[in-house]
Amino acid sequence: MGAAKSVATLPDTVNKALEVENLTVTLPPDAERRLAVDDVSFSVARNEILCLLGESGSGKSIIALAIMGLLPRPVVNVRSGRIGLNGQDLLALSPRRMRQMRGQQVSMVFQEPMTALNPLLPVGDQISEVLRTHTKLRKKERRDRVLTLMDDMQLPDCERLYAAYPHQLSGGQQQRVMIASALALEPALLIADEPTTALDVTTQARILSLIRKVCVDYNAAVLLITHDVGVAAEVGDRVAVLRYGRVVESGPTRSVLESPAQDYTRMLMASVPRFQPRTGNQPHHYRLLIEARDISKTYVGRSLSAKGRQVQALRDASLQVYEGEIVGLVGESGCGKSTLARIIANLEQSDHGEIRFRGEETKALIARDNRAFRKGLQIVFQDPYRSLNPRRSIGQSIVEGPLNMGVSSQEAWEGARAILEDVGIDARAVTRFPHEFSGGQRQRICIARALAMQPALLIADEIVSALDVSVQAQILNFLREIRDRSDLGVLFVTHDLRVAAEICSRIAVMRSGEIVEMQETQSLFESPQQDYTRSLLNAVPGKALLEGTAIELVDQTDRPASCAKAD
Amino acid sequence: MAFAVFAARRLASMIWVMLFVALFVFSLLYLAPGDAATVIAGEDTSPEDVERIRKGLGLDQPFHQQFLIWLGNILQGDFGISIFSNIPVLELIGQRLDPTISLTLTTIIFSTLVAVPFGVIAAWRSGSLIDRSLMLFSAICFAMPAFVLGYCLILLLSLQLDLFPVQGFVPISDGIGPFLLAITLPTLMLGTVYIVLIARITRATVMDVLNEDYIRTARSRGLSEREVLIRHALPNAAVPIVTVIGLGFALIIGGVVITETVFNIPGIGRLTVDAINKRDYPLIQGIIILTSAVYVIINTIIDILYVYIDPRIRL
């Protein structure tokens, strides 16, 4: 790349494309806080990516919608401030003028590409829609332009894909279609709201590099909203850290993330799983708890036409969990990891293979003593908002299992209080209901519910995926604690290698229903045997930066209860 | 190609349903109290004569044989002869078909054209005056018996304002003007409930759809609200709306009795009532089989429409 080129593509820091000044957005009176966004200022130049980094509820998406003029009014309103786009104040525009700006001068890419595309329209038509709305191009010209755009987004076989419906595309392809539609008229500003959060890690890496590329190719200012420090580190030129609707600190990505000036940023950085296996995860017992041997499972799709489609979800998958260890089961979406977990829990039946629980074949064990098996094995699911019955107090949810096992009522309630204290929730809260708790607290309640059964094996299916990093760090700490003081074995199912590296002694990597590699965490990271594992490791965003800062931050991760009380 | 296979499969399943209906209808008659032979023979006949008539009708045969004979006749278009008028059932029904079909079609078309835009706008501006008036209107219409509405319409629009004829039916072959004039009031009476039903379903589904992410995407592209509604919201809300319109067809055949009575229209509804009152079993059978066939055909059309509306519904 020549010197002239790099000069030409440097961010134009003098003439900012987007300037947000003292933006304040109000929430309805019954909301948690009064202001969604409180006196926020930042700017983005063309050819520049600014990352708005914040946890849930920080107001980052509200800022995006305010710029787009798509706030859910009259519930949420801009109270004061200025949003300048190429010198024009967007807040002063009439709704009609603002509508003309959308898609043309400012456009947006959303988190969930599957739901962001209309399921009933071919994707080509959806991209073309922007051109139809804002230009006088003829049908043929629009089609040609769309095909060029799709090609620019590195979509394969564009002619055929043009007529395809969203559900026929992969998640990554869907997001490329969204980006193509957002860039169709070369807008001054592209807002990407968590554009890779719903995608697999390898897809995420490709989409991030595409955003990086189009930012320059299309001479656009990019405002990228994310909760993921890794993503910010990977693509952000600059970063602004948001909390409770305020900018905590901002500046060039490296300096903010490597030497944060504010406590909150430091806490956030400390919560991020390091990209290095932690020590001290080795099992302290060596008794085999559960063993899955050569598990295969094929699903036969039922359709109205006679031939069902066959999907082989699992192929001869084997793994073992010992007492007192946490085993990671890692893979991308659809690789079969949850199916394997469900089969181990006997929630589904395998076609072939066997499962032994403490040496005894589970089918025989269940036939002999179903309760012993159920009690010995508990599951916690991904979404804490949906896995607790909203009409039962959390105490009722927790005692249900023990009561079914014949524990006396008094004992069960005492146990529930004790276990709540264990997971860091006030025992007096037993009579409260799930909606009164935050996501992180609910997940702890779910774990408490599972542990109340005093299981030997806990299956944790993506239990931290829906949580903010700071909350995630607390849950991981907590799991480590239980493991260290008991014989509990945990099968930890996750899509995130970073999280697995934090707590697992061994990791099984799955792909297309097969376990391609199973190794001790340390050696998996140091010398992965399979190309697929290597590509997973390489795809982790912000790897370079996080590896660089690992050592200085490790101590803070272990800070005890002080931040556990925060959520 | 895949579509043809799918359609053929649907048609095959239609045949099964119709067979089941035929069996049911036949059992109805078979199990019905009273003996057709005794009825036909009249009061003062010897038991030997009754037995002869019974043999002549094939009523001494076992159930399944009787059923097969009966089914064979129906497949050849022989639905039997009305006991009371001595006219073939098919001919009787044929005479009454035109008014009922006309009324059903005008009602469905009219209600759909009024209800869908009404529902979409109510959903788009939920809580607005138009939305609240829809809700009020629907409460009133559901609460008011259809015949009361019918007589109110006659009183106001026919007797007071003299805009429409009070009663009667004019076939479309006698000119579109007189046809429309005569069918307007019955359509209004019969249609009101469907307007409310379709509008409320439209409102509810469009409101759900408007919360979807792709609606936000459409707005982020700068589309006008009209385009957002027509191009993105309505097609995605179409499946439940089409279902309700289809159900409407089925329900109308029940509702048509009252309307035909109020407006003195010689349609299937009144034929049905007469047939039941007189226990004219062959006629009742014929009507049940034909109306079920209509239901089944409409259902199949709706199923095929689903696939057309939503590419995710697999063939």
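In this text, all values refer to a predicted model and were calculated from it rather than measured experimentally. Residue numbers begin at 1 in each chain, while the letters A, B, ... track the order of the sequences.
- Neither the backbone nor the side chain of Gln104(A) comes within contact range of chain B; no heavy atom of the residue lies under 4.5 Å from a heavy atom of that chain.
- Put simply, of Gln100(A), Met108(A), Glu129(A), the one with the most heavy-atom pairs under 4.5 Å next to chain B is Glu129(A).
- Residue contact with chain B, scored on non-hydrogen atoms closer than 4.5 Å, is absent for Arg96(A).
- Counting heavy-atom pairs closer than 4.5 Å to chain B, the top residue among Asn118(A), Val130(A), Thr133(A) is Asn118(A).
- In this structure, the separation between CG on Leu120(A) and CZ on Arg312(B) is 5.5 Å, given to the nearest 0.5 Å.
- Atom CG in Leu70(A) sits 12.0 Å away from atom CD1 in Ile215(B) (nearest 0.5 Å).
- To the nearest 0.5 angstrom, Tyr214(B) atom OH is 13.5 Å from Glu112(A) atom CD.
- In Tyr308(B), the OH atom is not crowded: 12 or fewer heavy atoms of neighbouring residues, nucleotides or ligands sit closer than 6.0 Å.
- Contacts between residues 162-185 of chain A and chain B, counted as heavy-atom pairs separated by less than 4.5 Å, involve Tyr165(A), His167(A), Met178(A), Ser181(A).
- Considering only heavy atoms from C-beta on, His232(B) comes within 4.5 Å of Leu121(A) through its side chain.
- Both the backbone and the side chain of Thr115(A) come within less than 4.5 Å of a heavy atom in chain B.
- Scanning all heavy atoms of the two residues, the minimum distance from Pro119(A) to Asn236(B) falls at CG-OD1, 3.4 Å.
- For Arg102(A), the salt bridge (Lys or Arg N to Asp or Glu O under 4.0 Å) test picks out no residue, with sequence neighbours left out.
- The local environment of CZ in Phe63(B) is crowded, with over 12 non-hydrogen atoms from other residues, nucleotides or ligands closer than 6.0 Å.
- The local environment of CZ in Phe20(B) is sparse, with at most 12 non-hydrogen atoms from other residues, nucleotides or ligands closer than 6.0 Å.
- For Asp125(A), the parts lying near chain B are the backbone and the side chain together; criterion is any non-hydrogen pair under 4.5 Å.
- His134(A) contributes a side-chain N or O that, together with a main-chain N or O of Arg221(B), makes up a donor-acceptor pair within less than 3.5 Å.
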